[in-house]
Amino acid sequence: MAQYLLSVHGSVDDPAPDMAEMQPVFEAVERFNDKLRAEGAWVFAGGLHPIEAATTVDAQGDRAVVTDGPYVESKEFLGGFWIIEAADLDAALDWAAQGSRACAGAVEVRPFQED
Amino acid sequence: MPAPGDLSEPITRIFRDEYAAVVASLARRFGDLDLAEEAAGEAIVTAMERWPVDGVPPNPGGWLTTTGHRKGIDRIRRESTRDSRHRQAAMTHDDSPPPDTGVVEDDRLRLVFTCCHPALAPSARVALTLRLITGLTVPEIAAAFLVPETTMAQRITRAKAKIKAAKVPYRVPRAEDLPGRTAAVLAVVYLVFNEGYLATAGEESVRDDLCEEAIRLARLLRVLLPRDPEVVGLLALMLLVHARRPARVGADGALVPLDEQDRTLWRRDLVEEGHDLVRACLALNRPGPYQLQAAINAVHTDAATAGETDWSQVAALYGQLAAIDPSPVVALNRAVAVAELHGPEIALDLVDRLDLAAYHPWQATRADLLRRLGRHAEARAAYDAAIALIDNEAERAFLSGRRAGLL
């Protein structure tokens, strides 16, 4: 078994989400999460607050420098993710397709390094 | 595969024919493409020493696989335990018995699907397939695609690293995924063929070696997936196109268009085999894009002279193809048949509706129709536009000749 990061990205150009409209998406994601748990593929998952809530810390120098905002200025940012267990890439891609349908967004799949 | 050196032709031929099966079998046993390749290479080196002295064993493929297996195990033992543990975890095995899907399980087929996995970049799929399935060397593949050897080596190394890191599985996809995944494999084979048919750059306009590799791959796929009509269709298509090869390039190096080719030069053996396969496709009655293109080519190869071509059949087949693949390129080809059937004026009207100005065959087709309508000034402009878009010498020579023939 290997672990994969399934990540979903948002854009600063996305309109502010309307809670009533988002409700079916939340429910679909919850159903997907339940399925991951039921099939033993679940490791962790979570949605992130918008990128405005990000703070960056750099302690490579003598002291930690704290800055407001993301590490990379970009239109796209990480919106949420799952960490799953899967036998191989095809199994991970299959979960990603289901996740993409549930959260109504593209899903990037990346393998974790082993050990 | 190591350079064959001064070995006799039959032994080199054996290495070439057996290479994919040996690497594929070792990849399944070791679960690691690099190790499989290294072990197969060592087995070939041993064979190059032994066979000329001891003679070729009765089952050379089996001999190479057994020797390669031993070499691979030696190599694992030589390396640290940590490393070998990594190797064992590197690629997904599928040792479960194949599900009853009617799919032939073959190590080479698993390997083809791994090489053509959609998670790999298309250029990497082609390179890996040529390297591992046809056994071409990295310098040969680099030369074929006119990229520096280091670039090609990097492309292959990166693809293998991704297969390892992301655990691209080493197996034939499930039956429900098979049609989509087979399409990616066929696309790679056809890409290899087309690169040979009309090299996009360089001095050699036709690369017979690539066309022949593609045909060899399709033959292998047909053995592995005998019930897939598109596999049969693609093989038929390539055979019928390749059959015309001896007539395609004139003594001056310019391409000779289909209607001016000396049809007695066409390879009858390939034509007959292609026609048999097209008939086999018709019997299966599950048409697809490759089968339809094969059928169109069969109409051409069936005509003893260009004048005897059954254009209504060609136009009808393109119509069917357009229904499956409504691309402007298919519509352009249909228009060419319509020109023969109903005249250049109606065809030009169809061509002008297509948004293909950056596609040189569109410009060339338009130029030809304008020429036939006697609209020479417009034809000249269209030939210029086509020539400006071309990077193949033989094709440029042909179009320049046509342009010069205008009043």
Side-chain angles (χ1 to χ4, degrees), chain A residues 1-10 28 31-46 71-72 74 76-115, chain B residues 27-28 31-33 80-96 98-99 101 103 109-121 124-125 128 158-185:
Chain A
M1 288 299 240
Q3 293 193 339
Y4 295 86
L5 173 72
L6 311 189
S7 55
V8 184
H9 291 76
R31 277 196 300 278
F32 174 62
N33 290 346
D34 288 343
K35 194 173 174 197
L36 283 170
R37 288 190 194 96
E39 296 192 22
W42 170 275
V43 178
F44 185 78
Y71 169 58
V72 183
S74 161
E76 274 74 40
F77 57 86
L78 185 64
F81 62 88
W82 292 273
I83 298 170
I84 62 160
E85 290 262 10
D88 57 43
L89 184 65
D90 278 358
L93 295 180
D94 201 32
W95 281 120
Q98 297 179 50
S100 169
R101 241 171 263 129
C103 75
V107 173
E108 179 185 299
V109 180
R110 279 180 74 182
F112 274 91
Q113 293 180 350
E114 286 177 51
D115 296 351
Chain B
R28 180 174 53 75
D32 184 309
L33 282 178
S80 72
T81 37
R82 184 179 178 278
D83 220 50
S84 62
R85 218 176 49 234
H86 272 244
R87 289 203 170 218
Q88 275 160 11
M91 206 161 67
T92 309
H93 292 259
D94 178 16
D95 288 332
S96 57
T101 54
V103 173
L109 192 59
R110 294 167 182 242
L111 193 55
V112 169
F113 278 104
T114 305
C115 292
C116 297
H117 196 280
L120 304 174
R125 290 180 213 163
L128 259 190
R158 253 191 234 131
K160 283 198 287 197
K162 180 162 186 185
I163 288 171
K164 198 176 229 179
K167 291 202 175 202
V168 172
Y170 179 52
R171 64 159 173 260
V172 175
R174 295 174 302 182
E176 60 262 42
D177 296 335
L178 201 52
R181 294 284 306 279
T182 304
V185 174

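In what follows, chains carry the letters A, B, and so on, assigned in the order in which the sequence lines appear, proteins first and then strands, with residues in each chain numbered from 1. Scope of the values below: all heavy atoms of this structure, side chains included, with no hydrogens, waters or symmetry mates.
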Once salt bridge (charged side-chain N to carboxylate O under 4.0 Å, His left out) is applied, do any residues pair with A/Asp94, and if so which ones, sequence neighbours excluded? none
Within a radius of less than 6.0 Å around CZ of A/Arg37, do more than 12 heavy atoms belonging to other residues, nucleotides or ligands occur? yes
Nearest heavy-atom contact between A/Ala87 and B/Lys167 is O-CD, 3.9 Å
Heavy atoms only: give me the nearest B/Ala166-A/Pro111 pair and the separation to one decimal. CA-CG, 3.6 Å
Sequence neighbours excluded, the answer for salt bridge (charged side-chain N to carboxylate O under 4.0 Å, His left out) partners of A/Arg31 is none
A/Asp90 and B/Arg174: CA distance, side-chain angles, deciding distance, salt bridge (charged side-chain N to carboxylate O under 4.0 Å, His left out) verdict: CA-CA 10 Å; A/Asp90 278 358; B/Arg174 295 174 302 182; over 6 Å; no
Starting at CD of A/Glu114, measure out to NZ of B/Lys164 and round the result to the nearest 0.5 Å. 11.0 Å
Crowded around A/Tyr71 OH? As in, over 12 foreign heavy atoms under 6.0 Å? no
